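Model, not experiment: these values are computed from the prediction. Lettering of chains follows the sequences in order, A, B, ..., and the numbering in each one begins at 1. Values below: all heavy atoms of this structure, side chains included; hydrogens, waters and symmetry mates excluded.
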Amino acid sequence: MSLTNAQDRNMTRIIFHIDFDYFYAQCEELRDPSLKGKPVVVCVYSARGGDSGAVSTSNYKAREYGVKSGIPIKLAKNRLKDIPEAKFLPMDRDYYEEMSERAMQIVRKYGDKFELVGIDEGFVEVTEKIEHAFVGAEELAIALKQELKKELGLTCSIGIAPNKLVAKIASDFQKPDGLTIVKPGEVKTFLTDLSVGKILGVGKKTEESLNEMGAKTIGELSNIDIYGLTKQFGKKIGTYLYNAARGIDEEPVVESESVTQLSRITTLKKSTNAVEEMLKDLESLCKDVHKSAVEQGFSFRSIGIMLILDNLSIKTKSRSLKSHTDNADELFKVARMLVEEAVAESQIPVRRLGVKVSELASSKGQDTLSRFMTGES
DNA sequence: GACTAGTGTCGAC
DNA sequence: TTACGGTCGACACTAGTC
């Protein structure tokens, strides 16, 4: 083996990105096998009743009719109006979380380090497990897929690559039930013709900006110099995009840290500009957020509200307190004040209302104590 | 000018 | 033709302080 290969062996990381296929809808198919082969649409119904709300997930049969995440339920029903066997189901978050926990326990066993990302995906670093050699990666991934299928009945798509960035794009490359391996020498070719929107963190707005700069594909993005990118997007994101275009990503796989914020949001029964008409919902949101914080042993130092207006634009406000609190009355008082301020600044009626607490600390003082013990200031 | 805290926006799922 | 959720993380911008 040449020196270069030996160096490669030592430097190269091997990372899996596991993404469960149409997760919520797949969970529903497992619970009720008669759904298999029919369009299945998992919906978030809002408080307005009827079919107000949006599609959370749909299976591939439903996607054939253009029914995908995020579209209004009414539109989804319209697209499936000629398909009587189509099923519209409400979200059952507790059930999906239970399935996710069982699945991730299996995934975790397959690597040295595991990072949970959301309810239906995660990264596993398998570098040590397969002794730095890509040769064993495919076999390991197939074994993982088989165990998930056998134990839980779940299918997933796996991307294997030398870093998280490429592994994530790879898992999306072949779906459902896919397996895509991108070896170190193949990264550039793999990325070059893909849309810039495939890069993690590039959503609609960033994609539009990049398109205007002449970059529709990742290959085209690699032609833009770092000065142009940092000027447009700032230092952090500009540098990230510059590296991403070259398939460079040094982010380690890290065990997920605890939450940093807690929030609740609801859709008002009727859009309004009158704060008094929102108070019941606001109080209930504050109670929910407070309950969640107390149950998890958190106090908070920042309180925020979010308004989504009738034109679907978003308005947020937040305040930092002098010190941490877990007082429910204070939460409601500050949230109400922020809502009054935000409503006064806009003429457009409010459709949805949200409350958030952040800058969390353990209300038992453990946070402070552990920092003291480890010498952190 | 460097640093920090507070605040608002964007994006993922 | 239209239709429109909920929860969380990360970072940019801005103003204040030294």
Side-chain angles (χ1 to χ4, degrees), chain A residues 17 19-25 41-48 50-58 66-79 81 90-91 93 96-97 100 115-122 164 168 171-172 197-209 230-241 251 254 256-268 271 285 288-289 292 296 301-322 338 341-342 345 351-360:
Chain A
H17 180 255
D19 192 345
F20 287 93
D21 303 318
Y22 59 98
F23 185 60
Y24 297 170
V41 188
V42 178
C43 303
V44 188
Y45 290 96
S46 80
R48 297 202 167 189
D51 287 330
S52 175
V55 170
S56 176
T57 321
S58 57
V67 172
K68 53 184 183 177
S69 302
I71 70 168
I73 296 167
K74 283 177 189 163
L75 176 58
K77 288 210 164 169
N78 192 278
R79 289 188 175 162
K81 64 179 188 297
M91 287 251 286
R93 197 172 259 277
Y96 310 142
E97 276 174 6
S100 171
E115 179 177 342
L116 183 67
V117 187
I119 194 168
D120 68 340
E121 60 178 286
K164 284 162 68 174
K168 164 96 182 156
S171 72
D172 186 54
K198 294 283 179 189
I199 298 171
L200 179 67
V202 177
K204 203 172 144 214
K205 304 241 173 177
T206 313
E207 185 168 10
E208 275 170 19
S209 294
T230 50
K231 189 170 175 237
Q232 176 72 24
F233 301 104
K235 191 176 171 190
K236 192 118 184 178
I237 293 173
T239 309
Y240 167 74
L241 290 172
E251 285 299 307
V254 284
S256 313
E257 290 170 19
S258 70
V259 292
T260 64
Q261 58 175 253
L262 298 167
S263 66
R264 291 290 182 275
I265 186 168
T266 191
T267 303
L268 302 174
S271 300
L285 288 167
D288 271 6
V289 170
S292 173
Q296 294 177 64
R301 202 172 79 83
S302 179
I303 295 170
I305 60 102
M306 171 162 71
L307 307 182
I308 294 166
L309 309 179
D310 256 356
N311 63 1
L312 299 185
S313 67
I314 298 169
K315 188 153 186 64
T316 59
K317 280 205 174 283
S318 61
R319 281 283 181 290
S320 290
L321 310 175
K322 285 206 166 61
L338 293 170
E341 283 177 24
E345 289 170 17
R351 178 183 177 86
R352 295 163 68 197
L353 175 64
V355 172
K356 170 183 92 170
V357 295
S358 55
E359 289 193 63
L360 305 177

Taking only Lys NZ, Arg NE, NH1 and NH2, and the carboxylate oxygens of Asp or Glu, determine whether A:E251 and A:K168 approach each other closer than 4.0 Å. no
Double-helix bend of the helix from B:dG1-C:dC18 to B:dC13-C:dG6, axes at both ends from 5 pairs, round to 10°, gives 10°
So what does A:D51 touch, heavy atoms closer than 4.0 Å: a base, only the sugar-phosphate, or nothing? nothing
Under 3.5 Å, is there a donor-acceptor pair between the side chain of A:T239 and the main chain of A:K235? yes
Rounded to whole angstrom units, what separation is found between the NZ atom of A:K68 and the P atom of B:dC13? 16 Å
A:F233: ring-ring contact (aromatic ring centres under 6.0 Å, His included) partners, not counting sequence neighbours: none
Could you check how far CD1 of A:I71 sits from P of C:dT1, rounded to whole Å? 15 Å
What pairs meet the salt bridge (Lys or Arg N to Asp or Glu O under 4.0 Å) rule with one or both residues in residues 301-318 of chain A, with sequence neighbours excluded? A:R301-A:E359, A:K315-A:E345, A:K317-A:E345
Is a side-chain donor-acceptor pair under 3.5 Å present for A:S46 with A:S52? yes
By side-chain contact (heavy atoms from CB on, under 4.5 Å), A:R264 pairs with (sequence neighbours left out) A:L285, A:D288, A:V289, A:S292
Just checking A:T57: base, sugar-phosphate only, or nothing, at a heavy-atom cut-off of under 4.0 Å? nothing
Distance check needed: C:dT1 P versus A:R79 CZ, whole Å only. 11 Å
Phosphate OP1/OP2 of B:dT9 contacted by A:K205 side-chain N/O (<4.0 Å): no
Report the residues that fulfil side-chain contact (heavy atoms from CB on, under 4.5 Å) with A:Q261, sequence neighbours left out, ordered by chain and then residue number. A:K356, A:S358
Starting from P on C:dA3, measure out to CG on A:L75 and report it in whole angstrom. 9 Å
With a non-hydrogen cut-off below 4.0 angstrom, is A:G118 in contact with a base, only sugar-phosphate, or nothing? nothing
Taking the same atom, P, in B:dC13 and in C:dC4, what whole-Å distance lies between them? 25 Å
Minimum heavy-atom separation for A:V67 to A:I71, with atom names? CA-CD1, 3.9 Å
Hey, which of A:V355, A:I305, A:I308, A:L353 is the one that makes side chain to side chain contact (heavy atoms under 4.5 Å, CB included) with A:I265? A:I308
A:I314 has an atom CD1; how far is it from atom P of B:dA12, in whole Å? 14 Å
Nearest-angstrom distance from the residue atom NZ of A:K81 to C1' of C:dT1: 12 Å
A:K235 NZ - B:dA2 C1' separation (whole Å): 13 Å
Value in whole Å for how far the P atom of B:dT7 lies from CG of A:L338: 8 Å
How would nucleotides 5-11 of chain C be written as a contact map, 5' to 3', with B for base contact, S for sugar-phosphate-only contact and - for no contact, using protein heavy atoms under 4.0 Å? BBSBB-S
